[in-house]
Amino acid sequence: MDRDHIDSVALLQAACDAPAGELQVPFAAFAKHLREHFARENALMTQHGFFALHCHKDEHARVLNVVATMEAELAEGKEDRARLYVTEHFPDWFHTHLATMDRVTADFLAQAEG
């Protein structure tokens, strides 16, 4: 999980740093990583019977739905909302998610894996 989080931050930063009109490619890389990251995390939670599995998975699904909407807008040449998402909304959500859901999940997995 920690490696995924480090990669998430790097890809998010690349999207934030993209010049105007060039957000689509770095955002696509960020989105692909999130889909893979959340799939790995969901699989770990399922494998170990994490008690808050459905709540955590639902939150991942909610974020991926937003990301898919941003990808569709970028494909139409609309960059404003995706830019706001990577610079403000996702970072705020991510910090909270790490400190709450992911912290509890990581602690549970550490105990489950011994």
> How far apart are the closest heavy atoms of Arg83 and Ala15, and which atoms are they?
Replying inline: NH1-O, 3.6 Å

>> Are Leu53 and Phe51 linked, directly or through intermediate hydrophobic residues, by side-chain heavy-atom contacts shorter than 4.5 Å (ILVMFWY only)?
In response: yes

> In Å, rounded to the nearest 0.5 Å, how long is the span from NZ of Lys57 to CZ of Phe50?
Replying inline: 12.5 Å

> Among the clusters formed by ILVMFWY side chains lying less than 4.5 Å apart, do Phe94 and Val104 turn up in the same one?
Replying inline: no

>> How long is the straight-line distance from CD of Glu79 back to CG of Leu74, given to the nearest 0.5 Å?
In response: 6.5 Å

>> Between Asn42 and His60, is there a side-chain donor-acceptor contact under 3.5 Å, judged purely by atom types and distance?
In response: yes

> Can you list the steps and then say if Glu41 with Asp102 is a side chain to side chain contact (heavy atoms under 4.5 Å, CB included)?
Replying inline: CA-CA 9 Å; Glu41 204 168 291; Asp102 277 358; 2.7 Å; yes

> Is there a salt bridge (Lys or Arg N to Asp or Glu O under 4.0 Å) between Arg62 and Asp58 once you walk through the steps?
Replying inline: CA-CA 6 Å; Arg62 185 191 67 75; Asp58 287 351; over 6 Å; no

>> Do the side chains of Glu71 and Arg35 get close enough for a salt bridge, i.e. N-O under 4.0 angstrom?
In response: yes

>> Could you go through His37 and Asp7, starting from their C-alpha distance and side-chain angles, then the distance that decides it, and tell me whether this counts as side chain to side chain contact (heavy atoms under 4.5 Å, CB included)?
In response: CA-CA 9 Å; His37 165 179; Asp7 293 345; over 6 Å; no

> Can Met101 be reached from Val66 by stepping across I, L, V, M, F, W or Y side chains whose heavy atoms are under 4.5 Å apart?
Replying inline: no

> Considering only heavy atoms from C-beta outward, does the side chain of Phe38 approach that of Asp4 to under 4.5 Å?
Replying inline: no

> Which atoms form the tightest heavy-atom contact between Ala18 and Glu22, and what is the distance?
Replying inline: CB-O, 3.5 Å

>> Could you see if Val25 belongs to whatever hydrophobic cluster contains Met70? Use Ile, Leu, Val, Met, Phe, Trp, Tyr and a side-chain cutoff under 4.5 Å.
In response: no

> Any side-chain donor-acceptor pair under 3.5 Å between Asp107 and Gln111?
Replying inline: no

> Ring centres of His5 and His97 under 6.0 Å apart?
Replying inline: no

> Got a sec: does the CG of Asp92 have more than 12 other heavy atoms crowding it under 6.0 Å?
Replying inline: yes

> With under 30° as parallel and over 60° as perpendicular, where do the rings of Phe90 and Trp93 fit, or are they tilted in between?
Replying inline: tilted

>> Would you compute the distance between atom CD of Gln24 and atom CD of Glu76 and round it to the nearest 0.5 angstrom?
In response: 10.5 Å

>> Hydrophobic clusters here meaning ILVMFWY residues chained together by side-chain heavy-atom distances under 4.5 Å, can you tell me if Val9 and Leu23 are in one?
In response: yes

>> Working to the nearest 0.5 angstrom, can you tell me the gap between Ile6 CD1 and Leu11 CG?
In response: 12.0 Å

>> For the OG1 atom of Thr105 and the CE atom of Met45, what is their distance to the nearest 0.5 Å?
In response: 5.5 Å

> What residue among Phe30, Tyr85, Phe27 forms side chain to side chain contact (heavy atoms under 4.5 Å, CB included) with Leu12?
Replying inline: Phe30

> Distance from Ser8 atom OG to Gln13 atom CD, nearest 0.5 Å?
Replying inline: 13.0 Å

